[in-house]
Amino acid sequence: YRGGAPVRLEDVGQVLDSVQNDKTAAWFVNKGIDTRGVILAIQRQPGTNTVAVAKAVRRTLAGLRQQLPASVSVDVLYDRSETIRDSVNDVQWTLLLTFGLVVLVIFFFLRNVSATVIPSLALPMSVVGTFAVMKLLGYNLDNLSLMALTLSLGFVVADAIVMLENIVRHVGMGKKPMQAALDGAAEIGFTILSMTISLAAVFLPLIFMPGVIGRLFREFSITIVSAILISGVVSLTLPQINKPGSVVLLSAVPSTAPASDDTAALLGTVRDDVLPKVEDAEGFTSYVGGYTASYVDLATLITDRLLLVIGTVILLGCLLLMIAFRSLLIPVQAAITNLLSAAAAFGVLTACFQWGWGVSLVGLDTGGAAVPIASYVPLMMFAGLFGLSMDYEVFLLTAFNEHFQRTGDIVTAVRRGLADTGQLITAAALIMVAVFLSFVIPDNAVVKMFGVGLATAVLVDATIVRC
């Protein structure tokens, strides 16, 4: 105010009804008509989905238009999500086209509809499984992830084709479909596992690439590795269906070794808990077979009968000695000494292989890790060493008996019998030890177990026990 009167802007300068910056302007051209407009740019936050943000903005615009005057219109000038959708649609079409071509190629070579269905099912199952992994990791369907899925189609079907081809080969050998599926799956399972791991290892280095390029290719690498690993699982577990459709083979590969207690527990759970419930609900009959199940069943059978077999062998040996020497004490003494030799052999075998003490000395490079002892090794080894030990026993007792018949003095008979047979038994024992130790040379771990166990038993029996 000046002199009681207000001072207006127009009194001191030029006033225009305009915008803050009149050096820039915007026009919206629609059907050849230029209309002044205001540009409102909306940018997404880092880490958010462009397509989801664009959809949310369009939903908001629908309600905003109803609140604006009739003279004002709101239009979308540029939507980046449209190009993303178009790219995704193109990749999706490529994905479907690749899937169709792969199925056609499989059918062209196999020329069997049912055989084509099996590896063809591996494709969608592997892709769906990869989607689950992407969901857990928070990945989106973008160009990189879809490109990884497209590239993985050729990889994921390879495992199923290898499995199917091996089963077909066994069918060509004259086997029934069920037996061919069991033998083919057991034979090629480890090969598929090694193929899957080696192929996945090729893309793993991309995960550790530094910088912006590394961040871009990390999603690509994890997606394609997930697809490859899932395809390996699918190819080993996808049901194999015979032509009449009455038999279905489902292969499952445990993550533990066949000789592991966890594998036996898993097999028991499947047989006693899982399958009975499914059989009651669906009304079908199921059987659990294959190499691992057979191995576990054999180990269980041998474990249950081991004491019976050992007792029977000892009883028959004692009975023969009792008939030959007409004595009760001699068979008992022979049984005890044979059991001592067997216990020593089993102890060395356990320490060397199962505990890993000196496993490298027998030519097994396991880094000190344990080597499971095959279930049939103790049984077969006991039968062999009992026969060898009984030979020494009979030979020694015969010498004792001859000298006793001459002298009538048991002490003198034992002394002279040991003197006469000691060198011969020791030489024979050393020869047998050398023969059994040669079993360590082959690469087969079971053969090595027999060699170490039998050599230990013979050495202990001919030296410590007989002395």
Side-chain angles (χ1 to χ4, degrees), residues 46-52 84-85 87-103 105-106 116-165 185 188-240 250-256 266:
T48 56
N49 189 290
T50 302
V51 177
I84 296 177
R85 289 194 190 94
S87 298
V88 170
N89 291 333
D90 290 341
V91 178
Q92 287 177 346
W93 167 247
T94 304
L95 192 65
L96 293 175
L97 180 62
T98 305
F99 173 76
L101 291 176
V102 169
V103 173
V105 171
I106 296 173
T116 305
V117 169
I118 295 172
S120 300
L121 288 177
L123 291 173
M125 294 182 68
S126 300
V127 172
V128 171
T130 306
F131 286 161
V133 176
M134 295 172 62
K135 178 67 175 178
L136 293 175
L137 297 177
Y139 291 163
N140 299 316
L141 277 178
D142 51 24
N143 288 333
L144 284 176
S145 60
L146 286 173
M147 181 174 66
L149 289 174
T150 304
L151 292 176
S152 66
L153 284 185
F155 301 142
V156 301
V157 76
D159 295 336
I161 292 178
V162 171
M163 173 67 76
L164 181 64
E165 189 276 334
I188 207 70
F190 181 78
T191 303
I192 290 180
L193 181 63
S194 60
M195 288 171 52
T196 303
I197 295 176
S198 60
L199 187 59
V202 175
F203 296 94
L204 286 178
L206 296 177
I207 300 176
F208 305 102
M209 289 182 63
V212 178
I213 302 298
R215 295 182 62 183
L216 290 175
F217 279 95
R218 186 174 297 118
E219 181 176 346
F220 169 83
S221 176
I222 293 178
T223 301
I224 197 169
V225 167
S226 301
I228 293 172
L229 294 178
I230 292 174
S231 71
V233 176
V234 170
S235 63
L236 291 173
T237 57
L238 197 63
Q240 314 288 332
L250 181 63
S251 300
V253 181
S255 59
T256 52
L266 174 62

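These values consider heavy atoms only, across backbone and side chains, with no hydrogens, waters or symmetry-generated copies. As the structure is a computational prediction, the values presented were derived from the model and not from experiment.
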query = Can you tell me how far the OG1 atom of Thr130 sits from the NZ atom of Lys135, to the nearest 0.5 Å?
reply = 15.5 Å
ask   = Who passes side chain to side chain contact (heavy atoms under 4.5 Å, CB included) against Val128, sequence neighbours left out?
value = none
request  = Grab the two heavy atoms, one from Leu137 and one from Ile222, that are nearest each other, plus how far apart they are.
outcome  = CD1-CG2, 3.5 Å
ask   = In Å, rounded to the nearest 0.5 Å, how long is the span from CZ of Phe131 to CG of Leu136?
value = 13.5 Å
Considering all heavy atoms, the nearest Val133-Ser226 contact = CG1-OG, 3.4 Å
